[in-house]
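Here is the structure we will look at, set down as structure tokens.
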2 protein chains.
Amino acid sequence: MTTLLIVDDHPLQRMGFRMLVESQPDLTVLGEADNGADAVRMAGDLAPEVVLMDVRMPGMDGIEATKRIIASGVRSRVLVLTTFDLDEYAYAALRSGASGFLVKDAQPEELLSGIRVVADGDAVVAPKLTRRLLDRFADQFPVEGEPSHREAAEQLAVLTDREREVLTAIGRGWNNVEIAERFHLAESTVKTHVGRVLAKIDARDRVQAVIFAYNTGLVSPDNHS
Amino acid sequence: MTTLLIVDDHPLQRMGFRMLVESQPDLTVLGEADNGADAVRMAGDLAPEVVLMDVRMPGMDGIEATKRIIASGVRSRVLVLTTFDLDEYAYAALRSGASGFLVKDAQPEELLSGIRVVADGDAVVAPKLTRRLLDRFADQFPVEGEPSHREAAEQLAVLTDREREVLTAIGRGWNNVEIAERFHLAESTVKTHVGRVLAKIDARDRVQAVIFAYNTGLVSPDNHS
DNA sequence: CCGGGCCTAGTACCCCGGTACCAGCGGCGG
DNA sequence: CCGCCGCTGGTACCGGGGTACTAGGCCCGG
């Protein structure tokens with residue numbers, strides 16, 4: 001049984017959601033809120049598995065409410081509902097920590113499907129929003145970065161493509177096992193690469209490699225994950 | 001009628017896709033390719049609306065093939081299929097210009113739905129991958145008003161003076177012995193401080209502590225020695 | 001005066017990281 | 001065709017790093 005909290009400032013809209021949701025044997029509504037502040041409080045009290053959150057509300061909007069719910073440490077997952085005409089809010093919503101983004105005029109089956117996906121710990125994004133998400137994602141990750149420090153850049157140049165990838169991974173704080181997993185390599189292979197990188201950039205250990213990566217601009221603040 | 005090109009190095013897999021797709025009255029297969037080079041060429045010749053692209057293939061892989069198809073200017077949209085979880089290759093795929101990303105063991109309906117979504121000009125990402133994508137997105141694009149810097153800065157405030165000194169030293173790439181010497185401490189003392197710093201800033205090891213130090217501005221590029 | 005931070009220091013333990021060395025493979029240029 | 005290079009993988013070894021726990025001395029505020 002998946003528990004829900006419905007957040008929307010329009011009573012009629014809430015009614016619609018409740019009708020749809022309660023028609024499903026595996027879904028149940030714990031409560032409703034008509035503003036962001038109540039939503040945050042009720043999420044803390046009721047600990048619903050999924051919060052259906054309208055973005056546009058008077059006072060605290062759905063995005064701010066989402067951030068606070070996520071920050072509060074409650075296990076609730078938030079499924080944000082947008083009307084899609086808002087572009088400036090779109091990215092803020094994506095960053096808010098929500099587990100899903102659907103358009104309010106979606107088919108009922110899509111909404112129900114989205115609720116179950118989110119309840120399972122996965123995420124869902126409406127196709128139209130996904131398009132923009134991918135475009136933005138592509139923009140923000142240029143194929144090759146631009147080193148700012150020329151001198152060190154020469155050392156960067158002597159690295160092979162693979163070694164530069166590994167150095168970037170080191171710069172993100174990943175350990176050898178994590179690097180191996182993300183690149184589908186054996187840990188021993190990663191060690192080999194790391195060793196060569198350290199020798200080439202004249203670093204004693206991966207800590208100094210991180211510093212090197214920052215000084216060359218290979219990685220920048222908030223470039224991690 | 002939506003036209004398709006199937007790209008996979010496994011004949012049996014292609015057969016499965018073809019069977020599924022041709023069972024749909026609105027979908028038709030224009031051709032098949034078992035490697036990236038052929039895929040690029042056939043996409044140019046046949047101009048399918050959607051390319052079903054396996055990501056892992058000997059020789060030119062699906063990602064490189066996707067990039068070249070997109071770069072070629074053909075109007076084809078690429079739906080990438082993988083058996084694996086989101087990893088570096090997957091991110092590379094998302095950057096490659098693909099319109100969709102699904103796992104190969106998805107339900108047939110999901111695949112068909114994904115094909116139609118992509119054909120409509122929208123994009124689709126498998127729920128399990130979306131979760132990771134959103135996490136990554138959130139990491140990469142900190143909210144303007146409430147950057148992770150602020151959170152981090154608050155963590156900085158909880159550090160004692162000594163701990164902040166030690167963190168700075170870590171950020172300069174010094175090891176425990178060097179820190180001990182410069183501060184006239186025993187190595188064991190340094191370890192104690194380091195351990196508490198790591199706990200307070202929620203870092204796994206000193207490598208992540210370095211990154212933290214850079215992100216908070218505690219240390220800056222070319223600040224060492 | 002006594003509790004609580006903070007700094008100091010030690011011991012013991014385990015694991016990850018780094019090194020050394022070796023080896024096979026595929027591509028590419030001489 | 002051969003050699004070089006880059007990439008991959010493995011084994012073995014050792015030292016540094018991180019954790020857990022303990023503990024004494026210091027200063028400050030209740």
Side-chain angles (χ1 to χ4, degrees), chain A residues 144 155-213, chain B residues 9 35-37 55-61 63-65 68 84 87-89 92 154-213:
Chain A
E144 281 304 316
Q155 283 173 289
L156 258 187
V158 306
L159 296 181
T160 67
D161 290 344
R162 197 49 138 182
E163 288 162 356
R164 214 171 300 116
E165 285 181 334
V166 169
L167 177 54
T168 304
I170 293 174
R172 296 196 204 285
W174 303 349
N175 62 29
N176 291 336
V177 172
E178 288 168 344
I179 296 175
E181 284 174 353
R182 304 226 192 185
F183 288 120
H184 289 132
L185 299 174
E187 187 187 353
S188 60
T189 303
V190 174
K191 283 190 173 186
T192 305
H193 287 313
V194 171
R196 268 198 293 269
V197 168
L198 296 184
K200 286 188 178 180
I201 68 175
D202 194 33
R204 179 178 56 197
D205 49 38
R206 67 199 298 113
V207 173
Q208 297 190 344
V210 170
I211 296 171
F212 177 89
Chain B
D9 59 322
N35 64 80
V55 79
R56 251 160 246 283
M57 288 183 296
M60 187 193 300
D61 66 16
I63 296 169
E64 182 59 31
R68 297 196 185 190
F84 293 90
D87 50 28
E88 282 307 306
Y89 284 119
E154 292 172 8
Q155 286 173 289
L156 250 189
V158 307
L159 295 180
T160 66
D161 291 344
R162 197 49 139 181
E163 287 162 356
R164 212 171 301 113
E165 285 180 336
V166 170
L167 178 54
T168 304
I170 293 174
R172 299 197 200 284
W174 303 351
N175 63 27
N176 291 338
V177 172
E178 287 168 345
I179 296 174
E181 286 173 352
R182 307 223 188 187
F183 290 155
H184 300 291
L185 298 175
E187 185 187 355
S188 61
T189 304
V190 175
K191 281 191 173 187
T192 304
H193 287 313
V194 170
R196 268 199 292 270
V197 167
L198 296 184
K200 285 189 178 180
I201 69 175
D202 194 33
R204 179 177 56 196
D205 48 39
R206 66 200 298 113
V207 173
Q208 297 190 344
V210 171
I211 295 171
F212 178 91

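Here the structure is a predicted model, which is why all the values come from computation and not from measurement. Letters A, B, ... are given to chains in the order of the sequence lines, protein chains preceding strands, and every chain is numbered from 1.
Two residues are said to be in side-chain contact when any heavy atoms from C-beta on lie closer than 4.5 Å; Leu167(B) and Phe212(B) meet this criterion. Put simply, the side chain of Val210(A) reaches to within 4.5 Å of the side chain of Ile170(A), judged on heavy atoms. Contact annotation: the side chain of Asn175(A) never approaches that of Val207(B) to less than 4.5 Å [non-hydrogen atoms, C-beta and beyond].
A sub-4.0 Å separation between OP1 or OP2 of dT8(D) and a side-chain N or O of His193(A) is present. Phosphate proximity of dT8(D) to Thr189(A): absent, as no side-chain N or O sits under 4.0 Å from OP1 or OP2.
Side-chain contact, Asn176(A) with Arg206(A): a donor N or O sits under 3.5 Å from an acceptor N or O.
Not one N or O on the side chain of Asp161(A) forms a donor-acceptor pair closer than 3.5 Å with the backbone of Arg164(A).
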Side-chain donor-acceptor contacts of residues 185-193 of chain B below 3.5 Å, not counting sequence neighbours, with atom names and distances?
unit_1, atom_1, unit_2, atom_2, d
Thr192(B), OG1, Ser188(B), O, 3.0

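The interatomic distance linking Asp161(A) (CG) with dC5(D) (C1') rounds to 13 Å, in whole Å. Atom CZ in Arg162(B) sits roughly 15 Å away from atom P in dC27(D) (whole-Å rounding).
Across all strands shown, Thr160(A) has heavy atoms under 4.0 Å from sugar-phosphate atoms exclusively, and none from any base.
Atom CG of Asp9(B) sits about 9.0 Å away from atom CG of Asn35(B), to the nearest 0.5 Å.
Ion pair Arg204(A)/Glu178(B) flagged as a salt bridge, since at least one NZ, NE, NH1 or NH2 atom sits closer than 4.0 Å to an Asp/Glu carboxylate oxygen.
Nucleotides of DNA chain C lying under 4.0 Å from heavy atoms of chain B occupy a range whose first and last members, 5' to 3', are dC6(C) to dT11(C).
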Under 3.5 Å, which protein N or O atoms sit close to an N or O of nucleotides 17-20 of chain D? Give each pair with its distance.
unit_1, atom_1, unit_2, atom_2, d
dG17(D), N7, Lys191(B), NZ, 3.3
dG18(D), OP1, Arg206(B), N, 2.6
dG18(D), OP2, Arg206(B), NH1, 2.8
dG18(D), N7, Lys191(B), NZ, 3.4
dG18(D), O6, Lys191(B), NZ, 3.0

